[in-house]
Amino acid sequence: MSLLGKSLTRIDALGKVTGETLYPGDINMPDQAYMKILFAGRPHAIIKTIDTSAAEALDAVIAVFLAKDVPVNEYGMMLKDQPVLCGPGSEKPFAERVRFVGDQVAVVVAESVAIAAQACELIQVEFADLPVVSDPLVSMQEDAELLFPDKESNVFIDYHILRGDVEKAFAEADVVVESEYRTPAQEHAFLAPESGLGYIDEDGRVTVAVAGQWAHEEQDAIAHALGLPLDEVRVIHPAIGGAFGGREDMSIQIALALAAWRLQQRGINRPIKIIWSREESIIGHHKRHPYIIRSRWGATKDGDITAADVEVIADGGAYACTSTKVLGNATLMCTGPYDIPNVKVDSYGVYTNNIPSGAFRGFGGPQGAFAAETQMNKLAQELGMDPVELRMRNVAQDDTVMSTNSTLPKGVTLDKVIESCALAAGWNNGIAGWQRSGESAWPPKITGKTKNHIKRGIGFAAAFKNIGFSFGYPERSWAKIELHGETEIEKVVLHHAGSDVGQGAHTVFKQMAAEAAGVPVDKVEMRLADSAGKEDSGSASASRMTFMAGNSIKGAGEAALEKWRNEERPAIAEFTYRPPATTPFAPKTGESNPNFAYGYVAEAVAVEVDVETGHVNILDVICANDVGKAINPQQITGQIEGAVVQASGYTILENFVQQDGIVKTPHLSTYLIPTVLDVPDRVESIILEYPDEVGPWGVRGMAEMPYLPFAPAVIAAVKDAIGVWFDEFPLTPERVLRGLGEI
Amino acid sequence: MTIYPFEYFEPKELEEASSAFFEHGSEAAILAGGTDLLNMLKANILKPKVVINIKGVPGLSGIEEIDGELQLGTLTSIHDLETSKIIQENFPALSEAASFLGSIQIRFLATVGGNICRAAPSAETAPPLMAYDAQVYMYGPNGERSLPLKEFFSGPGQTVLAEGEILTKFKLPIPALRSGSAYLRHSIRQLMDLAIVNVAVSLTLDEDSETIKEARIVLGAVAPTPMHASAAEKELIGKPATLEIFEKAAQTAAQESKPISDVRSTQDYRRAMVQLFTRRALEKALPRAAQKN
Ligand SMILES: Cc1cc2nc3c(=O)[nH]c(=O)nc-3n(C[C@H](O)[C@H](O)[C@H](O)COP(=O)(O)OP(=O)(O)OC[C@H]3O[C@@H](n4cnc5c(N)ncnc54)[C@H](O)[C@@H]3O)c2cc1C
């Protein structure tokens, strides 16, 4: 009996609820020393000198490391623009500059946490402050202060899409909708702040045990910075307390490795441990990109969208991180999953002295979708057309040529998700097209007296999101399967480096390995979460893990079974899955085959707004998500509900404030994330299973998708309730009241 | 997050606690529920050399009615305030305020005296206690003294407690006939968030059950200390209890408040919310006053 489609209990559940599972911060090694990282604490400056003598004079201080101690003082997933440690003395040009408050300046190792903290306070850093660039629009200007004097501009990436004749199309359009949208930064606020250990393992490898998303990428970054061959570096991921993209870039990894390695050179072989406080975590890792999106769309009076002209500006913060790819997604998604023959998009990623921006669930998609879907909803209003009907008239299909002058991979199911969601939310498709009937059972009616300062509304939005790495990035995933036994398979061992960041990946690995080998799950053992002895399986990101790992497990399983049939005992096979190739944007036109697979999603949201306080209360959400094949339906529902909760924080509550490069919300008491009282009362998950052509057993990725349409659906619902469009969020009570003209 | 080392005392008598407190002066801190103090220690906002836990001191907790007054021991937990029948019936604004404070776990630990001694501008229990004309009792090197609670706060986080003085209890007169009261708070996050504004009001009606005889409007989070909106209170007295009169008083209260702008909201928004929540609180208190005859 197949195990796919069964909600197998999470294999990590028992350990996590009993507290037996060790997260990196829970692990202690004999004779460990403690590390603390000194942050710059200022947004833009040149470090003239660093005097560590007072710190080093403390008895219990073991060592202090600075920029000069880092052999190759740089890292960065896309551009190696970030110094490991800022300060004078390394070969990296301009590494003596600090470019945001969380730049790392010194690594202190001591006998206790308290002494390490005291030593940090004793380090004398002489700074010469530079003008702070905090507004991306100012940063783009020609005379702007450069963050990197060796670059010509603070614009570190730009993309352009040009298809058809936009101006002609606008001239012929019956309606044109134009808006400037602004989206906020967002903090991941995963449960476990960064923590981990650095040590030299029994084989002499520089080893770090941390929570990450991509062991091999971390291994690569450490090896590069220390100037070591890859096989002398090892990265282990014990239990991971959430990630959401926030662990995609380096935080403590290189510092831990540096400290363990340098100490060993001094004859001190001791494990080094660090645990960041929540405040260090908030300053120390990247945020979701704030975007400015200027968008102009045109349509005929029949609701045929003919033109889109969009300018996209992403505040990349101090370093590029994954910005180049995040911007690529926004460039693609800002015109939505729709058939628009004339498209012009100009997009820019810009350095500022804000906290770097990087990966966060949706990866540029939520910002693009917010602009695209709000444009759709505004167009529907201008045209006097139902928003579902307008979408259905323009929905991308298998043969639709997109802005990139290419079609989407076969099996586009946008119409299916829109239809399912709309039907569940009280729409029907009659002679006059899609319309919502007045007597709809959704959202549930209020019983009893309603207060007249409470207004209700509903909103609708849809989205598409790529699965896996895009734009020609080398995409692959490795797996090894061993089949043990004599006459029948008694034991299956899966080797895989993919991370379970809390999303349950390892549970579905087990289900898929059992399926691939044709055995019950209890015959499967797994060797996971350690770069040693494994090839690259890619990151737990881009909604790719089940898709990519599944294909590698399936491939390895087939190859192992082949050997099994040929009487090999044990039968051992490795397999690296490579999906269909993708291509980057062509420089001027953006022509490309950006992605090999997509997921599709639609959401309907019901809200109520207190027009006296401005409070938005999200009542009810319906989410229809095509997941291809639900390997573990309970995990899918969990991801949908989790995405909705996280997106509701993004949309109505989470207000990450930076002023002149200084974070004004460094605590969870000022940066407010939702509690259970702030999230929607109910989420209905509609799981659709239209198989993907290349996904394993038809799987599509799904974990980011439900995040994307949420903000625009809420914005539309609030408009429905109170008659005001908001082009900027979060919809804090004050913003809503200002929108109403009440203050 | 490293707490600096300190000496720790568990006195068994009030006098012992007070003299230890006096002896170490500003280097000592009193520990009650610890829900504020521990945070201040962890964040190194306070670095006391001595911590004096008063939870073992007898007679400092409990809710009792004595001679027409309610007596509240300083160590009474917020959870007890929330669930006490006497309080729910006679001082509903106090039990409502208690129900908004933190989470259930916090409410079991936190004490009413701690909430008042912390002297946060947004302290949950300060507006209702002031609206009920609470008298606060302190014990120190010179014995016992008492003050109206409204004279207790001297600034954000600051009180008139002298060196060695420990807050011991509150006394609240049982409200007169035809009195009604209510508490409301507005925050950006539904709970577990500092208030944008909190308001306690109390109204006492004349024998005609229409004219306002006494009024209290106490605002939190919109001035350096919890404050009476005195002009608004005065405006209400002798007037009929109508929505127009309430709205006018609410406007006056908004003008009297002195809110700041910060990451949560601007001054303008806070002022608008003072007006709204004062009006809403008065509207909520009125039917309660009308019932109590
Ligand atoms: C998660 C969380 C949520 C919270 N939410 C709220 C909220 O919604 N509203 C709110 O108002 N507060 C809130 N608080 C703050 C806190 O819980 C309350 O102020 C609580 O009432 C403090 O009481 P305590 O007994 O714990 O005080 P402690 O922490 O023990 O003491 C607080 C201060 O008062 C001093 N002190 C205490 N008792 C005496 C005494 N008898 N004499 C002299 N000095 C004394 C202490 O030295 C200390 O400086 C929250 C705290 C947390 C951690």
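For the numbers below, each heavy atom of this structure counts, side chains included, while hydrogens, waters and symmetry mates do not. In what follows, chains carry the letters A, B, and so on, assigned in the order in which the sequence lines appear, proteins first and then strands, with residues in each chain numbered from 1.
Looking only at side-chain heavy atoms (C-beta outward), A:Tyr671 and B:Val263 stay at 4.5 Å or farther from each other. Side-chain contact between A:Arg738 and B:Asp268 is present, with at least one heavy-atom pair separated by less than 4.5 Å. Contact of the B:Gln190 side chain with the A:Val676 side chain is not registered, since no non-hydrogen atoms from C-beta on lie closer than 4.5 Å. Side-chain atoms of A:Leu737 and B:Met273, non-hydrogen and from C-beta on, do get closer than 4.5 Å to each other.
Counted by atom type alone, B:Thr266 and A:Glu734 present one or more donor-acceptor pairs between their side chains at under 3.5 Å.
Nearest heavy-atom pair, B:Arg264 versus A:Leu672, reported as atom, atom and distance to 0.1 Å: NH2-CD2, 3.8 Å.
Of all the listed residues (A:Thr670, A:Thr665, A:Thr613), the one sharing the greatest number of non-hydrogen pairs under 4.5 Å with chain B is A:Thr613. Of the listed residues (B:Leu191, B:Leu276, B:Leu194, B:Ile196), the one with the most heavy-atom contacts under 4.5 Å to chain A is B:Leu276.
The distance from the CD1 atom of A:Ile652 to the CD1 atom of B:Ile188 is 11.0 Å, given to the nearest 0.5 Å. The distance from the CZ atom of B:Arg189 to the OG1 atom of A:Thr732 is 14.5 Å, given to the nearest 0.5 Å. In this structure, CD on A:Gln118 lies 6.5 Å from OH on B:Tyr4, to the nearest 0.5 angstrom. Taking NE2 from A:His615 and OG from B:Ser187, the interatomic distance works out to 7.0 Å, rounded to the nearest 0.5 Å.
For A:Ile743, the part lying near chain B is the side chain, with the backbone staying farther off; criterion is any non-hydrogen pair under 4.5 Å. In this structure, chain A has no heavy atom under 4.5 Å from any part of B:Arg271. With a threshold of 4.5 angstrom between heavy atoms, A:Leu653 approaches chain B through side-chain atoms but not through N, CA, C or O. In this structure, no portion of A:Ile275 lies under 4.5 Å from any heavy atom of chain B. For A:His453, the part lying near chain B is the side chain, with the backbone staying farther off; criterion is any non-hydrogen pair under 4.5 Å. Residue contact with chain B, scored on non-hydrogen atoms closer than 4.5 Å, involves the backbone of A:Leu668 exclusively.
Counting non-hydrogen atoms of neighbouring residues, nucleotides and ligands closer than 6.0 angstrom, the NZ atom of B:Lys239 exceeds 12 such neighbours. Other residues, nucleotides and ligands place more than 12 heavy atoms under 6.0 Å from the CG atom of A:Asn28.
With A:Glu612 as the partner, the side chain to side chain contact (heavy atoms under 4.5 Å, CB included) test is satisfied by one option alone out of B:Gln275, B:His186, B:Arg279: B:Arg279.
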